[in-house]
Amino acid sequence: MHRGLLGDQGWMAQALHVSNGDGTDLAGTGLARRIVFWRDVLHEGPVPAVGREELRRVRAAFLAGRDDRGEVLRVFLERDAAVEANRGGEYVLWFEADLYDQLQIVEILAWLKELGVAAEAVTLICIGEHPGIARFGGLGELRAEQLRALPATGACARLSAAALELASRAWAAFRAPTPEGLAGIAAVRSGELRFLGEAFERLCREYPSTRDGLSLAERRVLAAAAVREGAAGDVFVRAASREVRPYLGDTSCFAMMDRLAGGPYPLLDLRPAGGPVGRATVVRLTAVGARVLAGEDDHVRLNGVDRWIGGVHLRGREVRWRWDEGREALTT
């Protein structure tokens, strides 16, 4: 048993604490003096199998878009420097069950392994639910005293070398240029990384379906728009409510709506057209969109695809890898 996990928690003040965003009041717990936030939505955009320096540049370019990528890169450099400088100390990771967090966990653990950090120096606090919250959305929903109680629960575990090895395999499978390794991680049931398999199965369902060429998130957006013509903000809420775990944020969902409204055969009609999608943008399913949603046509063959899933770049109107709805497996 890790010293202090169920008793005195004073050791935590000396550790480096890592979490997914500053919406979580770690400072208010009194347990964390040094905190690093891992601000990267890894299930969007390219995450190729390149060195750490190059990966920072790739991710900064994607996340910044037309904005100042230098500022994003600076944040990444400061984040990574803090993690590397602590390699002789302890780490406490505070994360959640959804894909966004699980990918961040495996990136961090794979890097700690690469840095030579001993597994027993890493403590993971990870939850997918909390008593009294019917639809748990994340650690940011918890008060400081609720967060402070988590180290004394089953959500907290000191990690083993096997957990770091599994994380490294998952990170490599995610970044590989082909997706053959994803199914193996999706099938994993780990007592330490207990949400990892579920998250990777959800990741696999973002490949275009053999049924209609849609990813699961795209299908849920179209289905939400099919309920009735309305504001993009309402469509986002309806689509998000279908997810078992939080998946897309509103900004990412609006960008998806914009993509679905493009191409030779738009699946969505947006008003006003031509501008960035916002909460008040009116969204309507087109006739083509209805056919695709019904499985009578194929989005990829109609409009092509140009998107990254980790290290895999899907391009064109014929893609080798799809999610087979009948077998519930990737075609490889």
Side-chain angles (χ1 to χ4, degrees), residues 16-24 34-87 93-96 98-112 114-115 138 140 170-177 203 206 215 217-218 232 236 246-263 270 274-279 281 304-316:
L16 180 67
H17 293 250
V18 187
S19 189
N20 66 2
D22 53 13
T24 302
R34 295 182 297 136
I35 306 170
V36 170
F37 297 114
W38 216 261
R39 300 182 178 93
D40 196 353
V41 54
L42 291 162
H43 61 280
E44 295 183 24
V47 193
V50 295
R52 187 134 202 99
E53 183 177 352
E54 178 62 19
L55 183 61
R56 280 194 296 259
R57 287 197 291 266
V58 170
R59 294 305 297 165
F62 170 73
L63 294 170
R66 296 178 181 176
D67 297 328
D68 182 8
R69 73 180 61 180
E71 175 60 20
V72 179
L73 189 57
R74 181 190 66 78
V75 170
F76 282 175
L77 285 166
E78 290 181 357
R79 175 198 75 182
D80 288 1
V83 170
E84 190 164 358
N86 189 67
R87 70 168 73 185
L93 279 51
W94 301 74
F95 284 94
E96 298 146 18
D98 55 79
L99 178 62
Y100 176 91
D101 280 40
Q102 294 300 302
L103 290 175
Q104 291 183 352
I105 289 171
V106 296
E107 178 183 14
I108 295 163
L109 293 182
W111 189 33
L112 292 180
E114 186 179 322
L115 291 173
W171 183 234
F174 175 63
R175 299 171 68 201
L203 176 70
E206 281 307 290
S215 72
E218 289 171 337
F236 162 69
Y247 183 69
L248 288 178
D250 57 356
T251 301
S252 296
C253 188
F254 295 158
M256 179 176 289
M257 292 178 194
D258 192 48
R259 292 193 298 271
L260 291 169
L270 305 176
V277 179
R279 286 194 167 272
T281 301
V305 63
D306 184 3
R307 62 184 288 248
W308 288 80
I309 301 178
V312 177
H313 192 184
L314 301 174
R315 286 177 290 185

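Just the heavy atoms: all of them, side chains too, but no hydrogens, waters or symmetry mates, feed the values below.
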Do any side-chain atoms of residues 41-50 form donor-acceptor pairs under 3.5 angstrom with protein atoms, and if so which ones, sequence neighbours left out?
residue: E44; atom: OE1; partner: S252; partner atom: OG; Å: 3.2
residue: E44; atom: OE2; partner: S252; partner atom: OG; Å: 2.6

What's the separation between atom [atom1] in [X] and atom [atom2] in [Y], rounded to the nearest 0.5 Å?
{"X": "N20", "Y": "D101", "atom1": "CG", "atom2": "CG", "answer": "4.0 Å"}
{"X": "F95", "Y": "Q102", "atom1": "CZ", "atom2": "CD", "answer": "9.5 Å"}
{"X": "D80", "Y": "E53", "atom1": "CG", "atom2": "CD", "answer": "10.5 Å"}
{"X": "R52", "Y": "R56", "atom1": "CZ", "atom2": "CZ", "answer": "6.5 Å"}
{"X": "W171", "Y": "Q104", "atom1": "CH2", "atom2": "CD", "answer": "9.5 Å"}
{"X": "F236", "Y": "M257", "atom1": "CZ", "atom2": "CE", "answer": "8.0 Å"}

How about R307: does its CZ atom have over 12 heavy atoms from other parts shown lying under 6.0 Å from it?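 Buried by this count: over 12 neighbours within 6.0 Å.
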
What closest approach, in Å, do [X] and [Y] show between heavy atoms, and which atom pair accounts for it?
{"X": "V83", "Y": "W38", "answer": "CG2-CZ3, 3.7 Å"}
{"X": "V106", "Y": "A170", "answer": "CG1-CB, 3.9 Å"}
{"X": "G278", "Y": "A232", "answer": "O-CB, 3.2 Å"}

Mind checking what makes side-chain contact (heavy atoms from CB on, under 4.5 Å) contact with A217, not counting sequence neighbours?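 Expected list: R202, E206, S215, Y247, L248, M256.
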
Across all chains, not counting sequence neighbours, the side-chain contact (heavy atoms from CB on, under 4.5 Å) partners of E78 are R74

Less than 4.0 angstrom from a charged side-chain N to a carboxylate O is my criterion; do E84 and R87 meet it?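 Looking at R87 together with E84, the answer is yes, because their closest N to O distance falls below 4.0 Å.
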
What do the steps show when you test L103 against F174 for side-chain contact (heavy atoms from CB on, under 4.5 Å), and what is the final call? CA-CA 9 Å; L103 290 175; F174 175 63; 3.8 Å; yes

Residue among V36, V18, L16, L115 satisfying side-chain contact (heavy atoms from CB on, under 4.5 Å) with N86: L16

Would you check, one step at a time, whether the test side-chain contact (heavy atoms from CB on, under 4.5 Å) holds for R59 with V72? CA-CA 9 Å; R59 294 305 297 165; V72 179; over 6 Å; no

For the pair F76 and L63, evaluate side-chain contact (heavy atoms from CB on, under 4.5 Å) and give the outcome as yes or no after the intermediate values. CA-CA 11 Å; F76 282 175; L63 294 170; 3.5 Å; yes

Any side-chain heavy-atom pair of H313 and D306 under 4.5 Å: yes

Please determine whether side-chain contact (heavy atoms from CB on, under 4.5 Å) holds for the pair L55 and E107, giving the CA-CA distance in whole Å, both sets of side-chain angles, and the decisive distance to 0.1 Å. CA-CA 11 Å; L55 183 61; E107 178 183 14; 4.1 Å; yes

